[in-house]
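Numbers here are sequence positions counted from 1. Remember, it's a predicted structure, so these values are computed and weren't measured experimentally.
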Amino acid sequence: MLNEFSYESVVSFKEYAFRDVYKGMLQILGYNTYAEYQTALGRSDLCFGDGDRLYICEFKVIGKSDSGKEKLEEAKAQIREKRYGLRLTNKEVITLAVIIINENKDDKHEAMREVAAIEEVGKTC
């Protein structure tokens with residue numbers, strides 16, 4: 001499964017690389033997953049669900065020196081503006097804004113990547 005990641009994903013770790021890693025982990029755990037799920041107003045980064053819930057995620061990647069709070073608000077605004085939570089489903093829909101720090105430590109051979117924030121976004125419809 002790890003061979004499915006492109007060279008660019010592994011080397012540079014852009015937003016899509018984090019999405020793909022989380023998608024792979026969630027698939028291993030047995031969730032149904034969808035990347036870049038198209039809606040009438042836009043594309044959410046990652047959707048995953050089980051029998052009862054559908055989670056919709058919008059990822060934003062920041063450097064250590066960037067403002068995580070600002071990016072979190074940007075992700076939440078995008079979820080609301082694009083109405084990602086509006087789905088025809090009998091499942092509970094949960095929208096999540098996810099902020100990831102992607103910055104190397106002083107030693108460029110040792111990467112530091114971590115989830116800085118995850119926040120549920122209120123009803124978007």
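Separation of atoms CD (Gln38) and CG (Leu41) is listed at 9.5 Å; rounding is to 0.5 Å. In this structure, Glu119 CD and Leu72 CG are separated by 4.5 Å, a value rounded to the nearest 0.5 Å. Interatomic distance, Lys82 NZ to Thr95 OG1, rounded to the nearest 0.5 Å: 15.5 Å. Atoms CZ and CD, from Phe59 and Gln78 in turn, are 12.5 Å apart once rounded to the nearest 0.5 Å. Distance check: Ile101 CD1 to Lys71 NZ gives 13.0 Å after rounding to the nearest 0.5 Å. Note: Glu15 CD to Ile62 CD1 = 12.0 Å, rounded to the nearest 0.5 Å.
Checked options Thr33, Asp45, Ile100; the residue passing with Tyr22 is Ile100 (criterion: side-chain contact (heavy atoms from CB on, under 4.5 Å)).
Counting heavy atoms of neighbouring residues, nucleotides and ligands inside a 6.0 Å radius, atom NZ of Lys91 exceeds 12 of them. The environment of Glu73 atom CD is dense: over 12 non-hydrogen atoms of other residues, nucleotides or ligands sit within 6.0 angstrom.
A chain of hydrophobic side-chain contacts below 4.5 Å, direct or via other Ile, Leu, Val, Met, Phe, Trp or Tyr residues, connects Met25 to Val61. Linking ILVMFWY side-chain heavy atoms closer than 4.5 Å, directly or via other members, places Ile94 and Leu29 in a single hydrophobic cluster. In this structure, Val21 is a member of the same hydrophobic cluster as Leu96, with clusters built from ILVMFWY side-chain heavy atoms closer than 4.5 Å.
Taking the side chain as every heavy atom from C-beta outward, Leu26 and Leu46 approach each other to under 4.5 Å. In this structure, Ile79 and Ile56 have side chains that are not in contact, with every pair of non-hydrogen atoms separated by 4.5 Å or more.
Classification of the Tyr31-Phe48 ring pair by plane angle, with boundaries at 30° and 60°, yields perpendicular.
When all heavy atoms are compared, the tightest approach of Cys47 to Tyr37 is SG-CB, 3.6 Å. Nearest heavy atom pair, residue Glu58 against residue Arg43, reads OE1-O, 4.2 Å.
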